[in-house]
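In what follows, chains are A, B, ... by sequence order, proteins preceding strands, each numbered from 1.
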Number of protein chains: 2
Amino acid sequence: MQKEIELFRDGLKKNNLKVTRQRLRVLEAFLKTEKHVSCDELYRLIRGEHPEIGYATVYRTLKLIQEAGLAREVDFGDKVLRLEHEYGHKHHDHLICLACGKFFEVFDPDIEALQEKLAKKQNFTPVRHKMDIFGYCQKCQGKSASCV
Amino acid sequence: MQKEIELFRDGLKKNNLKVTRQRLRVLEAFLKTEKHVSCDELYRLIRGEHPEIGYATVYRTLKLIQEAGLAREVDFGDKVLRLEHEYGHKHHDHLICLACGKFFEVFDPDIEALQEKLAKKQNFTPVRHKMDIFGYCQKCQGKSASCV
DNA sequence: GTATAATTGAAAATGATTTTCAATTTCATA
DNA sequence: TATGAAATTGAAAATCATTTTCAATTATAC
Ligand SMILES: [Zn+2]
Ligand SMILES: [Zn+2]
Ligand SMILES: [Zn+2]
Ligand SMILES: [Zn+2]
C-alpha cells in the first residue's frame, strides 16, 4: 500500500497536480476495498469517515488513480463502471454468477496464448482483452437469473 | 429475412402483442444493417424514411427483437448499448481496433473448449461469454489511440 | 363493426457520469 | 514562514443514454 501511495504521488507530481488530503483519502479507501467497486459505492464508503468529501472529488480522483496505473476498469454488464486494483494484480478474467452476482477471478495461460495467436492470424496487434464468462456458481446451480 | 420476420411475428403473438406497422419497420431496418448498431443509430436511419416513428418505439421494438432471439447485445466499451444479428449468426468474439474503431468477428473452437474447461474447474456452469480483444488492425499498426 | 387491450409518440423521468464555478487550498518561491 | 499563482474542492447543474408515463390511436378477436 505504501508503494501504491508513492506511485500515486509520483503520477500527480509528473502532471503538476497537487497532493491533497481528499485525494489521499480516496486512494486509501480504494486500496482498502478488494471488491470491484463503483464510484458510487466508494463514495458511500468514504462518506462514513469523511462526509466532507464530495462525489465529484471521488469521481475525479478515481480517474487519477487509473492514470497512475493503479486501477483498471471492469465491466460486469450492469451498466456501472467498476474499478479493480491493477498494481500488483496480474491480468485475469472473470466468471460472473447470473444469480447472486458474485465473481471469480481466473487465469488460463493456454487461453491467453491462443488469444494472441488468434489476433495475429488476422494481422491484428492485440493490446488488451476482456473475457467474461457468465453463468451460475456452485451455490446457485439450477437457479434462474431472477433469484437475485 | 422472411424467416426472421416470421420469427418476430411468432414471438409477438406468443406474448399477446400486436404486429404493428412501426414494429415491422424497425425490424426491417435492423435486419438491413449489418453493423453493430445502437438504438440511436437505428433511430436516425429509420427517421429518413419514416419520420413519424418515435425514438421510444425504436427502443421498445429493439427489446422485442432481442426477446424474439433475433438480436444480442454487444459491448465495445463505448458506453453505448449495441445490437448485432443473432439469428443465423453463430457465436463469435471480437477484435476491436483502438485507432479506427473497426471490428472483426472471430471464432476459435479451441478457446471455446478451454473456456468451458476453465469454468467447470471452478464448479461454475457457464451460460454465455464475452471475449473482446482490443488492439490495432493491420491498417492502424503503430498508430496511437488518438488518431480516431 | 365493436369492444378491449395493446401501442404509439412526445415529453418527462431516471440514473450514472461529467462539468461548471466561486471559494478554498496547495506549494514553489522568495 | 509568508506570498501568490495555479490547482482543487464541493454543490449544483449539465449531459447523455436509457427508460417510463400518459392520453390519443390502433390492432385484433369476436
Ligand atoms: Zn485474459
Ligand atoms: Zn452464485
Ligand atoms: Zn467465444
Ligand atoms: Zn459481432
Side-chain angles (χ1 to χ4, degrees), chain A residues 5 8-30 36-68 71-83, chain B residues 5 8-30 36-68 71-83:
Chain A
I5 295 175
F8 185 58
R9 296 184 99 107
D10 290 351
L12 292 177
K13 290 253 175 65
K14 204 185 307 168
N15 293 294
N16 283 336
L17 301 177
K18 291 170 177 171
V19 177
T20 67
R21 184 173 46 75
Q22 290 95 328
R23 284 178 177 165
L24 290 172
R25 292 300 152 276
V26 174
L27 176 64
E28 282 162 17
F30 173 70
H36 294 57
V37 82
S38 71
C39 181
D40 188 64
E41 286 165 358
L42 197 63
Y43 168 65
R44 287 162 191 278
L45 279 176
I46 291 170
R47 201 168 48 176
E49 289 205 48
H50 304 282
E52 77 282 5
I53 296 183
Y55 187 98
T57 300
V58 176
Y59 167 79
R60 287 181 289 222
T61 305
L62 283 176
K63 293 268 167 208
L64 297 173
I65 290 173
Q66 283 181 73
E67 281 158 25
R72 77 167 75 90
E73 295 186 1
V74 289
D75 175 10
F76 285 0
D78 62 354
K79 303 259 176 74
V80 184
L81 195 64
R82 295 175 179 285
L83 296 180
Chain B
I5 295 175
F8 185 58
R9 298 184 97 107
D10 290 352
L12 292 176
K13 291 253 174 66
K14 203 185 308 169
N15 293 294
N16 283 337
L17 301 177
K18 292 171 178 173
V19 176
T20 67
R21 184 173 45 75
Q22 291 95 326
R23 284 177 177 167
L24 291 173
R25 290 303 152 273
V26 174
L27 176 63
E28 283 162 16
F30 173 70
H36 294 59
V37 83
S38 71
C39 182
D40 187 65
E41 286 165 358
L42 197 63
Y43 167 67
R44 286 161 193 279
L45 279 175
I46 292 169
R47 199 169 51 176
E49 288 206 48
H50 305 282
E52 77 282 3
I53 295 182
Y55 187 97
T57 299
V58 175
Y59 166 79
R60 286 181 290 224
T61 305
L62 283 176
K63 292 267 166 209
L64 297 172
I65 290 173
Q66 284 181 73
E67 281 157 24
R72 79 168 74 92
E73 295 186 1
V74 288
D75 175 10
F76 284 0
D78 62 354
K79 303 263 175 71
V80 185
L81 196 64
R82 295 173 180 286
L83 296 179

Rounded to whole angstroms, how far apart are [atom1] on [X] and [atom2] on [N]?
X	N	atom1	atom2	answer
A/D75	C/dT17	CG	P	11 Å
A/K13	C/dC27	NZ	C1'	10 Å
A/I46	D/dG10	CD1	P	10 Å
A/L12	D/dT8	CG	P	8 Å
B/N16	D/dC30	CG	P	11 Å
A/R44	C/dA16	CZ	C1'	12 Å
B/L17	C/dT8	CG	C1'	14 Å
A/Y43	C/dG15	OH	C1'	15 Å

Looking only at non-hydrogen atoms, find the nearest pair between [X] and [Y] and report the distance.
X	Y	value
B/R9	B/V19	NH2-CG1, 3.6 Å
A/V37	A/L42	CG2-N, 3.9 Å
B/I46	B/A29	CG1-CB, 3.5 Å
B/V80	B/S38	CG1-CB, 3.5 Å

Could you tell me whether the side chain of B/N15 and the main chain of B/L17 form a donor-acceptor pair under 3.5 Å?
no
Short question: side chain of B/R23, backbone of B/F8 - any donor-acceptor pair under 3.5 Å?
no
DNA chain D contacts made by residues 19-29 of chain A, counting heavy atoms under 4.0 Å:
A/T20, A/Q22, A/R23
Tell me which pairs pass ring-ring contact (aromatic ring centres under 6.0 Å, His included) where either residue lies in residues 36-68 of chain A, with sequence neighbours left out.
A/H36-A/F76, A/H36-A/H94, A/H36-A/F103, A/Y43-A/Y55
Full working for salt bridge (charged side-chain N to carboxylate O under 4.0 Å, His left out) between A/E52 and A/R21
CA-CA 11 Å; A/E52 77 282 5; A/R21 184 173 46 75; 3.5 Å; yes
Summary of protein contacts for nucleotides 17-22 of chain D, nucleotide by nucleotide, where a base hit scores B, a sugar-phosphate-only hit scores S (4.0 Å, heavy atoms):
-BBBB-
For A/D10, is there an ion pair with A/K14 - N to carboxylate O distance below 4.0 angstrom?
no
